[in-house]
Amino acid sequence: MVLLLLAYCLTAAALTGAQHAPRQNAPSPRHRLSPLDGSIIALPTADQLAFQDREMGILIHFEIATYLAIDGCNGVPGLVPAPALFDPTLLDTDQWMASIAASGARYATLVAKHNCGFTTWPSQVSFKTRDNTTSGYNYSVADSPVKGVDVPGMFSASAEKAGLGHGFYYSTVVNNFLNVQNSLVNATWAPGEIRISNETYDEIVIAQLTELWTNYGELTELWFDGGYSASQQAKITQLLQEHQPHACIFNSCDAAGTACLSPNSIRWIGTEDGLPNEEIWSTGVTNDGGSPTSPFFAPAECDTTLQAGIRWFWAAGQPLRPLSEMIEVYHQTVGRNCLLELDLAPDRSGLVPAAHAARYKALGDFLRACYGPGSAVGGTAANTTTTGVSVALAFEVPTAVDRVVIMEDQTQGQVIRAYEVWARVVDASGANGTLNVPLKLVSRGSSVGHKRIDLFAAPILVTEVVVNATKFVDTPVWRSVTVHLCDGLA
Ligand SMILES: *[C@@H]1O[C@H](CO)[C@@H](O)[C@H](O)[C@H]1NC(C)=O
Ligand SMILES: *[C@@H]1O[C@H](CO)[C@@H](O)[C@H](O)[C@H]1NC(C)=O
Ligand SMILES: *[C@@H]1O[C@H](CO)[C@@H](O)[C@H](O)[C@H]1NC(C)=O
Ligand SMILES: *[C@@H]1O[C@H](CO)[C@@H](O)[C@H](O)[C@H]1NC(C)=O
Ligand SMILES: *[C@@H]1O[C@H](CO)[C@@H](O)[C@H](O)[C@H]1NC(C)=O
Ligand SMILES: *[C@@H]1O[C@H](CO)[C@@H](O)[C@H](O)[C@H]1NC(C)=O
Ligand SMILES: *[C@@H]1O[C@H](CO)[C@@H](O)[C@H](O)[C@H]1NC(C)=O
């Protein structure tokens, strides 16, 4: 991570000049027309819906940059750290999974190659240099003190054992080892540096993606930090269809929507602090809250760090963000229809540090207590009446609640465009419980999508809660409406 914004712009620039029609081979989005007003309703794939159901994942930063003081090789083109640095003597990917599961995450995406160019698997790719010699990719774990280890292999086995989805991050736009920035080989080489052509670079990318996508099982998510270049697009698209048609693809589409790698597209929310603070639609291709009228169903993913200062790789003594801030991150992401992807930074021994593990678990403990099975006040099958537009929950006695969780069934697209939450609020003595107090507006918003969580300023005592869709382009299909009381849990 880190160079996303910069490189994304460059990707867009590389595509400028292309016709503003879908490229040959670019998957086109599916949509239907609203029976109410004829507007476009983008349709999801089953893989996208299953991915949104995972709600929260982990992005693991662990490779040679873990052994640097700076946060990766980004923006330092000449830096090719010696492979001898990579020496995780206690590497234990099951220990990583313990923290991932404890946090409440349901998938993990591993950085398999970041911008230094080091691959944490023993890549077997060989290629022709400009002087017509054949070279192996001698900048991998096989050139390090832990030769024989295959980090993606260990990671994949551990994730499968833990019942978590797994996938890979492979940066296609930067590779210091091969003297590549912005997907282009710089023709000024330092002495001893491997000299390749631009065409050979693209071949190496495809060959290494093929290794990653064919040797480690069915992958949940694939990450293109900074996107991909126009010259790589068609081949990557084809490779995905061949080997990983079910994977969801981060940064799949360019901002104009003229090229997407897959119908299983996921977009970036545009910030790395995990606090986007906006309405977030499941549709759109721009790096923000998206657009309800876009023909592209491409849910947003909100990636952020546990270490303070948006630090992705482990750093000695780096403070962690407090639990209260991580809970706020959860509510601004998962609670606003964004997939939350939280960084995990194993240290130089190859383990998640104890303080990090404790913070992931504290977050998961809060999420399980507040939102987990059995947490809904009145039970999930509370006395619910659904009339299409409206869902009403009735309580026999005045009941304390401090938030509402609303889920929309998006199988036929995201159709609710605005909603209101009303409640019959009685006083603490319960005296008003016998009175038919009028409904009072307690929250409102626009996007619901996979999930929407609205927090009330303080707990209220209610006898009824009504959620109404006030704008919609087809009859709303509610997946669930529940109320919770989490005040005092964290
Ligand atoms: C490499 O091979 C190509 C094609 O066979 C040839 O055109 C080129 O001159 C060779 N380059 C060197 C440095 O020998
Ligand atoms: C890779 O091999 C080349 C050619 O043998 C050598 O010059 C270079 O130093 C090696 N690179 C690394 C990182 O070991
Ligand atoms: C190529 O590398 C040289 C030497 O490091 C540097 O001065 C130059 O700016 C680079 N060119 C590009 C386009 O990045
Ligand atoms: C790669 O392409 C870029 C842009 O056309 C060019 O500036 C660069 O010199 C090329 N690299 C090599 C090694 O030919
Ligand atoms: C549940 O709904 C039924 C029918 O609307 C009603 O008769 C009953 O009193 C309700 N129960 C509660 C707990 O509100
Ligand atoms: C309860 O009823 C009393 C008397 O009608 C009213 O003054 C008070 O505001 C009500 N409390 C709530 C929470 O609605
Ligand atoms: C909610 O919607 C229903 C159905 O349109 C309507 O009868 C009811 O008055 C609405 N309730 C509120 C509080 O807006």
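Both ligands and their constituent atoms are indexed starting at 1 by order of listing.
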When you compare the side chains of T214 and T210, does any donor N or O come within less than 3.5 Å of an acceptor on the partner? no
For atom 4 (C) of ligand 3, find the nearest protein heavy atom and state the residue, atom name and distance (0.1 Å precision). T188 CG2, 4.0 Å
E55 and K451: salt bridge (Lys or Arg N to Asp or Glu O under 4.0 Å), yes or no, with the steps? CA-CA 9 Å; E55 294 189 346; K451 184 169 276 186; 2.9 Å; yes
Heavy-atom nearest neighbour in the protein, as seen from atom 9 (O) of ligand 3, with distance rounded to 0.1 Å: N186 ND2, 4.8 Å
Does the protein come close to atom 11 (N) of ligand 3 - that is, does one of its heavy atoms sit below 4.0 Å from that atom? yes
So which of D225, N74, N115 actually passes side chain to side chain donor-acceptor pair (under 3.5 Å) with S171? N115
With respect to atom 3 (C) of ligand 7, which of V389, N468, T470 exhibits the smallest heavy-atom separation? N468
Looking at atom 14 (O) of ligand 3, is any protein heavy atom nearer than 4.0 Å to it? yes
Hey, could you give me the OG1/CD1 distance between T172 and I204, rounded to the nearest 0.5 Å? 13.0 Å
How many angstroms lie between CD in Q238 and CD in Q233, if you round to the nearest 0.5 Å? 11.5 Å
Atom indices of ligand 1 within 4.0 angstrom of R130 heavy atoms, with elements: 11 (N), 13 (C)
Numbering the atoms of ligand 1 from 1, which are under 4.0 Å from a heavy atom of D131? 13 (C)
For atom 6 (C) of ligand 1, find the nearest protein heavy atom and state the residue, atom name and distance (0.1 Å precision). N132 ND2, 4.1 Å
Could you give me the CA-CA distance, side-chain angles and deciding distance for R267 and N251, then say whether side-chain contact (heavy atoms from CB on, under 4.5 Å) is met? CA-CA 5 Å; R267 73 181 196 275; N251 263 348; over 6 Å; no
